[in-house]
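Written below as structure tokens is the structure these notes are about.
Sequence lines set the chain letters: A, B, ... in the order given, protein chains first and strands last, and positions in each chain run from 1.
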Amino acid sequence: MSIPAPTPIRVRMAPSPTGPLHLGTARTSLYNFLFAHHVGGTYVLRVEDTDVERGTEAFESDIIDNLHWLGISWDEGPQVAGGEDIGPYAPYRQSQRMELYAREADRLLASNAAYHCYCTPGELDAVRKEQERNHEAPRYNGRCLSLTDADRAAFIAEGRQPALRLKVPPDHIRFDDLIRGEVEFDNALLGDFVIVRSNGMPLYHFVVVVDDEAMGITHVVRGEDHLSNTPKHIALIRALGYREPKFGHIPLILNPDRSKMSKRKSQTAITAYREQGYLPEAMVNFLAFLGWSPGTEEEIFSLEELAARFEIGQVHKAGAVFDKERLDYLNGVYIRSLADGQLALRLRPFLPVELDDDIVMRLAPLLKERLVRLADATELAAFLTETDEQVAALHEPDQLVPKGRTAGETAAALGLARDALAAVDDPDFAAGELEAICRSAAEAHGWKPGDFFRPLRVAITGRLVSPPLFGSMELLGRNRTLSRADAARSRLGD
RNA sequence: GCCCCCAUCGUCUAGAGGCCUAGGACGCCACCCUUUCAAGGUGGAGAUCACCGGUUCGAAUCCGGUUGGGGGCACCA
């Protein structure tokens with residue numbers, strides 16, 4: 001094996017801005033990125049915004065921002081939401097490429113490879129229902145294929161606007177999938193599908209094919225949900241006289257019940273994980289192993305290392321369940337590997353106030369100490385927001401309250417810690433000093449520093465961080481009592 | 001309903017005919033360490049490799065079937 005020479009390989013990711021960046025899209029983008037980097041190819045981002053009703057610019061920026069956050073970069077396409085397109089095939093937003101699609105649609109119509117269809121949604125629906133009754137594959141019955149000029153004139157007089165359908169020849173379509181090997185479909189089952197809506201907007205299947213050709217895409221790597229759509233694309237490619245790219249269909253990411261991952265059953269937005277304190281390194285490492293492995297027992301890899309090892313042919317065929325526990329574990333691995341200053345910097349977005357570098361760096365050792373050694377999100381939140389009774393009820397008596405102490409004494413200690421903290425209410429305080437003050441306060445009241453520790457840390461960390469950080473502290477702490485606290489909370493009817 | 005894809009511990013996976021009485025990791029359990037919780041260390045439970053039938057001296061690995069699961073069949077992407 002030698003380092004591959006630059007190749008003319010071109011791959012793309014083609015997100016549709018109809019929602020925030022989804023785990024599945026992120027993983028597909030990652031695999032394309034890894035593949036492109038492994039073979040020295042070119043990576044293109046193309047925004048598929050032909051669905052004007054659902055797409056928004058806010059989603060486009062969420063997608064682009066979070067892709068960057070993950071460390072995935074691309075050679076061509078918009079680098080910033082709403083920004084300028086970079087690359088020889090600009091524009092890279094489909095909404096700006098309409099003339100191309102119109103031209104190609106006309107070409108299809110002129111060569112008699114496509115035809116106008118005047119059927120109404122109601123008529124189409126009736127046909128579909130009839131087919132269902134007869135246990136046939138639901139597909140267009142070809143009514144408008146043999147329209148006379150008089151029929152057409154009558155429809156136009158009625159005010160009907162035609163959609164454009166591809167005339168699908170009854171071939172057997174066979175292709176060699178990069179991941180699945182030989183796959184074969186019978187085109188006769190497809191039916192003539194619509195490629196341009198009656199309102200003139202081209203449809204997805206049509207525009208991907210046109211753009212992949214126009215942008216010189218050589219390898220189409222996408223989710224398995226498109227496997228059954230591939231014969232449509234190949235039919236289109238043939239009708240248009242294009243070169244056929246290689247296809248590779250990666251397995252789906254699954255909900256715990258093994259259905260295709262969905263917003264309903266799982267948390268799918270990358271932003272949500274980002275806000276909860278997951279590190280991009282952990283996310284990338286985790287996602288990469290959902291459907292691929294280097295074939296060894298190693299499992300901690302940076303993006304660069306992944307790109308060096310990634311082989312598209314090694315990608316699995318079976319879907320993989322998204323296991324949050326494992327993500328949490330990986331996140332912990334990466335957080336613990338961070339130096340104090342690094343961690344503090346990563347934590348900064350979660351702090352309730354803007355702090356300058358100097359303060360952040362001074363706080364770093366304290367934050368790291370606290371976060372890595374212990375932190376239970378639920379306990380902290382409870383301590384800060386609930387009444388003493390609730391706190392006491394929430395936890396097994398011996399869980400939170402030190403041996404030999406009562407819940408009341410513990411609550412008092414908390415107040416004590418808060419007082420100590422208030423005594424040094426100076427933005428410039430040194431973390432070490434603060435802890436020393438708290439410790440001596442504890443001893444002055446006859447508490448062993450150890451017993452005092454828990455309320456103390458609540459006072460300190462609770463003051464320094466905002467609620468979203470609790471999520472990441474949970475990941476750091478990996479506290480087993482969390483589930484018990486959750487159970488207690490639901491018992492309380494909260 | 002029709003078409004296509006898939007199938008190793010609960011989960012992510014190693015395994016491309018003998019190295020497998022199936023390995024690692026997460027999670028779980030126990031113990032150690034520790035002022036508590038984590039982290040770390042040690043050990044443990046956990047998979048008749050979905051099932052049936054071939055091919056072979058030999059199959060988790062090859063072939064066929066069955067079952068199960070998933071995906072796709074829009075004037076969504």
Side-chain angles (χ1 to χ4, degrees), chain A residues 14-19 48-51 53-55 117 119-121 124-125 128 131-140 161-165 177 179-180 183-186 188-191 193-205 207-208 223-232 249 251-252 254 256-260 286 289-300 316-330 332-333 336 371-376 379 398-403 448-454 457 473 476-482:
Chain A
S16 173
T18 51
E48 310 232 321
D49 53 354
T50 53
D51 187 351
E53 279 162 34
R54 294 196 294 154
C117 171
C119 297
T120 62
L124 261 15
D125 212 45
R128 219 180 338 262
Q131 286 167 334
E132 257 169 54
R133 262 197 298 283
N134 299 336
H135 306 304
E136 292 168 32
R139 58 175 190 262
Y140 185 59
Q161 292 290 321
L164 190 64
R165 284 184 188 274
D177 192 278
I179 294 161
R180 278 145 218 284
V183 185
E184 191 181 338
F185 289 88
D186 182 1
L189 270 12
L190 240 44
F193 56 94
V194 174
I195 56 178
V196 181
R197 284 190 263 219
S198 51
N199 67 4
M201 284 298 278
L203 254 11
Y204 167 77
H205 296 304
V207 296
V208 253
E224 192 194 336
D225 45 351
H226 282 301
L227 188 56
S228 307
N229 290 148
T230 306
K232 285 186 182 178
H249 291 91
L252 263 18
L254 275 22
D257 66 2
R258 304 203 77 87
S259 59
K260 177 178 164 185
F286 175 73
F289 275 71
L290 239 39
W292 174 84
S293 122
T296 64
E297 289 181 353
E298 304 159 273
E299 54 183 2
I300 304 297
H316 303 158
K317 297 175 180 174
V321 174
F322 180 89
D323 181 14
K324 190 165 174 299
E325 301 266 19
R326 197 178 178 82
L327 206 213
D328 288 352
Y329 162 75
L330 279 173
V333 168
R336 273 175 246 120
L371 296 182
V372 173
R373 278 200 62 202
L374 35 97
D376 179 320
E379 276 185 17
D398 60 341
Q399 194 60 48
L400 201 58
V401 179
K403 281 193 179 67
K448 283 192 305 184
D451 290 347
F452 192 64
F453 197 75
R454 192 181 290 258
R457 110 192 174 232
M473 294 200 297
L476 285 154
R478 313 284 311 117
N479 192 329
R480 207 172 297 153
T481 62
L482 188 61

A:Phe185 versus A:Leu227, closest heavy-atom pair with distance:
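What the structure gives for the nearest pair is CZ-O, 3.6 Å.
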
What contact category does [X] fall into here, base, sugar-phosphate, or nothing, at under 4.0 angstrom with non-hydrogen atoms?
X        : answer
A:His249 : nothing
A:Leu124 : base
A:Glu184 : sugar-phosphate
A:Asn229 : base
A:Gly291 : sugar-phosphate
A:Phe185 : sugar-phosphate

Starting at [atom1] of [X] and ending at [atom2] of [N], how long is that distance when rounded to a whole Å?
X        : N     : atom1 : atom2 : value
A:Arg326 : B:G27 : CZ    : P     : 9 Å
A:Asp177 : B:C6  : CG    : C1'   : 13 Å
A:Leu330 : B:G24 : CG    : P     : 18 Å
A:Phe322 : B:U13 : CZ    : P     : 13 Å
A:Glu325 : B:U11 : CD    : P     : 14 Å
A:Leu227 : B:C3  : CG    : C1'   : 11 Å
A:Arg258 : B:G70 : CZ    : P     : 9 Å
A:Asp328 : B:A39 : CG    : P     : 11 Å

Mind running ring pair (Phe, Tyr, Trp, His ring centres under 6.0 Å) on A:His316 and A:Phe289 for me, showing each step along the way?
CA-CA 10 Å; A:His316 303 158; A:Phe289 275 71; 9.2 Å; no

What's the gap between [N] and [M] when it is taken at their [atom1] atoms, as a whole Å value?
N     : M     : atom1 : value
B:C28 : B:U66 : P     : 41 Å
B:G69 : B:G46 : P     : 27 Å
B:U13 : B:C4  : C1'   : 26 Å
B:C31 : B:G72 : P     : 48 Å
B:A50 : B:G40 : C1'   : 39 Å
B:A22 : B:G71 : C1'   : 30 Å
B:G23 : B:A16 : P     : 15 Å
B:G1  : B:G10 : P     : 29 Å

Under 3.5 Å on both distances, the Watson-Crick or G-U partner of [N]:
N     : answer
B:A45 : none
B:C73 : B:G1
B:A60 : none
B:A25 : B:U11

Given [options], the nucleotide with the shortest approach to the side chain of [X]:
X        : options             : value
A:Ala318 : B:A7, B:C12, B:C76  : B:A7
A:Arg128 : B:G72, B:C76, B:A74 : B:A74
A:Asp323 : B:A77, B:G72, B:U11 : B:U11
A:Arg180 : B:G72, B:C6, B:C75  : B:C6

Can a side chain N or O of [X] be found less than 4.0 Å away from OP1 or OP2 on [N]?
X        : N     : answer
A:Arg165 : B:C75 : yes
A:Lys317 : B:C6  : yes
A:Lys324 : B:C26 : no
A:Tyr329 : B:C26 : yes
A:His316 : B:U13 : yes
A:Ser293 : B:C12 : no
A:Arg139 : B:G72 : no

Looking at [atom1] of [X] and [atom2] of [Y], how far apart are the two atoms once the value is rounded to the nearest 0.5 Å?
X        : Y        : atom1 : atom2 : result
A:Leu327 : A:Phe286 : CG    : CZ    : 4.5 Å
A:Glu48  : A:Tyr204 : CD    : OH    : 6.0 Å
A:Thr230 : A:Glu224 : OG1   : CD    : 10.5 Å

For the residue pair A:Ile179 and A:His249, establish whether any side-chain heavy-atom pair is separated by less than 4.5 Å.
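No - every pair of side-chain heavy atoms lies 4.5 Å or more apart.
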
When you compare the side chain of A:Cys117 with that of A:Tyr140, does any pair of heavy atoms fall below 4.5 Å?
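With C-beta onward as the side chain, the pair touches.
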
Quick check: on RNA chain B, is the nucleotide nearest A:Pro15 upstream (toward 5') of the one nearest A:Ser228, or the reverse? Name the residue that is more 5'.
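Its nucleotide being nearer the 5' end, the pick is A:Ser228.
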
By nearest heavy atom, map A:Val321 and A:Cys119 onto RNA chain B; which one lands nearer the 5' end?
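Looking at the nearest nucleotide for each, A:Val321 comes out on the 5' side.
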
Quick one: does A:Ser259 reach the base of B:G70 with a side-chain donor-acceptor pair under 3.5 Å?
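Flag unset: no donor-acceptor pair detected.
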
Residues two or more places apart in sequence or in another chain: which of them pass side-chain hydrogen bond (donor to acceptor under 3.5 Å, both in side chains) with A:Ser198?
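By the side-chain hydrogen bond (donor to acceptor under 3.5 Å, both in side chains) rule, A:Ser198 matches no residue at all.
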
